[in-house]
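In what follows, a single structure is set out as structure tokens and then discussed.
Throughout, protein chains are lettered first and strands after them, A, B, ... in sequence-line order, and every chain is numbered starting at 1. Since the structure is predicted, the reported quantities are computational estimates derived from the model, not experimental observations.
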Number of protein chains: 2
Amino acid sequence: MTSYGKQKRLLVAVDCIIFGFDGQDLKVLLIKRGFEPEKGNWSLMGGFVQPEESFEDAASRVLKQLTGLEDIYMEQLYAFSRPTRDPIERTASIAYFALLDINQYHRQQLRHEFHAEWFSLSQMPELIFDHTEMITMAKEKLRYKAAIHPILFELLPQKFTIPQLQLLYEGVYETDFDKRNFSRKILSLKLLVKQKDKEKESSKRGAFYYKLDKRRYNANFHSFLNFIAKPHNLK
Amino acid sequence: MTSYGKQKRLLVAVDCIIFGFDGQDLKVLLIKRGFEPEKGNWSLMGGFVQPEESFEDAASRVLKQLTGLEDIYMEQLYAFSRPTRDPIERTASIAYFALLDINQYHRQQLRHEFHAEWFSLSQMPELIFDHTEMITMAKEKLRYKAAIHPILFELLPQKFTIPQLQLLYEGVYETDFDKRNFSRKILSLKLLVKQKDKEKESSKRGAFYYKLDKRRYNANFHSFLNFIAKPHNLK
DNA sequence: GCAAAAGTGTTAATTATACACCCATGT
DNA sequence: ACATGGGTGTATAATTAACACTTTTGC
């Protein structure tokens, strides 16, 4: 026995929702699709799963192809499978979302072949297939997960300031936090190590840099932050 | 253009992790696999995705095939894709987990063809392929999700008592809760409607039945319960 | 010297935890 | 009358939320 015979096989692709943070807004990296159908239209970066690779491998390959980056935080989002989602031929897509330091990407970025651009979540162009739905779901999951796990650090450079971190959280949750409560909450996690130097671009006084304590970060990855806004419908 | 040509297609299956609660332990429904390879070994219920159905459709079909039940709570768990996970031929599997009232199943259960049996999570037999991993992940996700969303009601009959509900939560989290705090927390959600009749099997005094307030349940599905045990590693 | 952002402390409100007794009923 | 499980209240601790002033420094 070397196959399951008459069962129908199908194409499987991966698509990557690549998040970055520019200091102000949460952004997603999109490309201009390079082949038919929908050639030239905005799309997530994706690719077909190859015979020897897992979906995770495929997603990492696709991410590297676009950004040149490896060892990026990535997580499976959802398997999209509406039979008609691709008009040419049935293709399922396993969506992954990735969080990266947008500056890393800038440094790497020499590949114009994909015509990639960062878009704010509030200014998304029309996208092919079900990619808009994918991004909506990714954003939800990011919020959900970041409320409980300290993953947003993946969007910042190695050294960052508390005000930068707060702007990031505020961007992700589209809300404002009280800076006293915010820094107390963040620092109470004991995940951050204060540096001696300051970031002096965005203020005269300057803000101290912090770095992640990698040991504690890995150990405490399951810590809870609880940034989830409480629902007000529990009357 | 009617196909993507040279790209390799692959088999895609779905597997269902079907949870039930017998009043004491959280259980999973397993079958004896009916075809090669691994014929006769314990396995999750699964099936190949057909050309005209989404993964969700396939999972519902498979669930109905085994249990006869429809409109069951089901959620995509994860896409498993290790190229060699099935020794015969590459087959990816999209795992879904389902929560059902075990009594519904008993009532329905006339199909012996699958040799299905309920197993406690602590007494799982050896399973084919990566099915053990799937169940482990499903259990984690169930805990994770149930800490935040009131989904465990899906495992109980329409009418249930607070002590039954507490046993369920205790089973899922493998811990004990204080019954005063438990009932206060649950009732504070205002999702339950007290009935006039009592369940008299498990005690002389009898315990009042409750029903879900479906309206509030649907509206407040995103409420937070926070049964997650706090980690003690945040010193 | 003043504008702009960084940094820090206290109080009140809410929520979570710990804990013990009375109640109803079948035997 | 007693054993069994059901049901409830209160006091304390922990956490979260609200809020305002001082510091630094480049201009």
Side-chain angles (χ1 to χ4, degrees), chain A residues 23-24 147-148 156 159-171 173 175-190 192-211 220 223-235, chain B residues 23-24 147-148 150 156 159-171 173 175-211 220 223-235:
Chain A
Q24 211 56 43
I148 301 185
L156 292 174
K159 280 167 39 172
F160 52 86
T161 68
I162 304 277
Q164 283 168 359
L165 187 62
Q166 180 168 355
L167 282 168
L168 170 54
Y169 273 90
E170 291 178 341
Y173 291 102
T175 183
D176 292 333
F177 296 109
D178 179 278
K179 66 177 172 171
R180 290 161 291 189
N181 293 339
F182 181 84
S183 74
R184 188 178 321 112
K185 196 166 199 169
I186 289 292
L187 292 173
S188 76
L189 295 174
K190 303 273 175 70
L192 301 189
V193 184
K194 194 174 190 171
Q195 303 303 113
K196 296 223 171 60
D197 49 338
K198 285 182 163 184
E199 188 279 323
K200 310 272 293 176
E201 302 263 297
S202 41
S203 75
K204 291 158 184 167
R205 181 178 177 180
F208 280 106
Y209 279 118
Y210 285 79
K211 277 188 184 174
N220 287 6
S223 314
F224 305 109
L225 283 160
N226 255 75
F227 273 104
I228 309 174
K230 290 270 167 69
H232 294 293
N233 51 0
L234 293 179
K235 295 157 219 153
Chain B
Q24 211 56 47
I148 301 185
L156 292 174
K159 280 166 39 170
F160 51 85
T161 68
I162 305 278
Q164 283 167 359
L165 187 62
Q166 181 169 354
L167 282 167
L168 170 55
Y169 273 90
E170 290 178 342
Y173 290 102
T175 185
D176 293 334
F177 295 111
D178 179 277
K179 65 176 174 175
R180 292 159 290 192
N181 294 338
F182 181 84
S183 74
R184 186 175 327 114
K185 196 166 198 167
I186 289 293
L187 293 173
S188 77
L189 294 175
K190 303 271 174 72
L191 289 177
L192 301 189
V193 184
K194 194 175 190 171
Q195 303 302 113
K196 296 223 170 61
D197 49 338
K198 285 182 162 184
E199 188 280 322
K200 311 270 296 174
E201 303 262 296
S202 42
S203 74
K204 292 158 183 168
R205 181 180 178 177
F208 280 106
Y209 279 118
Y210 285 79
K211 277 189 184 173
N220 286 7
S223 314
F224 305 108
L225 283 160
N226 254 73
F227 273 104
I228 309 175
K230 290 271 168 69
H232 294 292
N233 52 3
L234 293 179
K235 299 156 216 152

Original post:
How long is the line joining OH of A:Tyr209 and P of C:dA6, in whole Å?
Top reply: 12 Å
Subject >> A:Arg180: partners by salt bridge (Lys or Arg N to Asp or Glu O under 4.0 Å), with sequence neighbours left out >> reply: A:Asp178
Original post:
NA contact type, A:Thr161, heavy-atom cut-off 4.0 Å: base, sugar-phosphate, or nothing?
Top reply: nothing
Original post:
In whole angstroms, how far is the C1' atom of C:dA24 from the CD atom of B:Glu199?
Top reply: 14 Å
Original post:
Between C:dG7, C:dT17, D:dT8, which nucleotide has the shortest distance from any of its atoms to the side chain of B:Arg180?
Top reply: D:dT8
Original post:
To the nearest angstrom, how far is B:Phe208 atom CZ from D:dG5 atom P?
Top reply: 19 Å
Subject >> Nucleotide C:dT17, atom P - distance to CD1 of B:Ile186 in whole Å >> reply: 13 Å
Subject >> Integer-rounded Å distance: C:dA5 P and A:Phe182 CZ >> reply: 18 Å
**OP:** Heavy atoms only: give me the nearest B:Phe160-B:Leu165 pair and the separation to one decimal.
**Re:** CE1-CD2, 4.4 Å
Original post:
Do B:Glu170 and B:Leu168 touch side chain to side chain, with heavy atoms closer than 4.5 Å?
Top reply: no
Original post:
Just wondering, do B:Ile186 and B:Tyr210 contact through their side chains at under 4.5 Å, heavy atoms?
Top reply: no
Original post:
Whole Å only: how far is the CG atom of B:Asp178 from the P atom of D:dG7?
Top reply: 15 Å
Original post:
Can you find a donor-acceptor pair, distance only, under 3.5 Å between B:Asn181 side chain and C:dA18 base?
Top reply: yes
Subject >> Separation of atom CD in B:Gln166 from atom P in D:dG5, rounded to whole Å >> reply: 14 Å
Subject >> Rounded distance (Å) that lies between atom C1' of D:dG6 and atom CZ of B:Arg184 >> reply: 16 Å
Original post:
Would you say A:Tyr173's side chain and A:Ala147's backbone share a donor-acceptor pair under 3.5 angstrom?
Top reply: yes
Short heteroatom pairs, N/O only, protein and nucleotides 21-27 of chain D, under 3.5 Å:
| residue | atom | partner | partner atom | Å |
| --- | --- | --- | --- | --- |
| D:dT23 | O2 | A:Arg205 | NH1 | 2.6 |

Original post:
Is a side-chain N or O of B:Gln166 found less than 3.5 angstrom from the main chain of B:Ser183, in a donor-acceptor match?
Top reply: no
Original post:
What is the minimum heavy-atom distance between B:Thr161 and B:Ala207, and which atoms define it?
Top reply: CG2-O, 3.6 Å
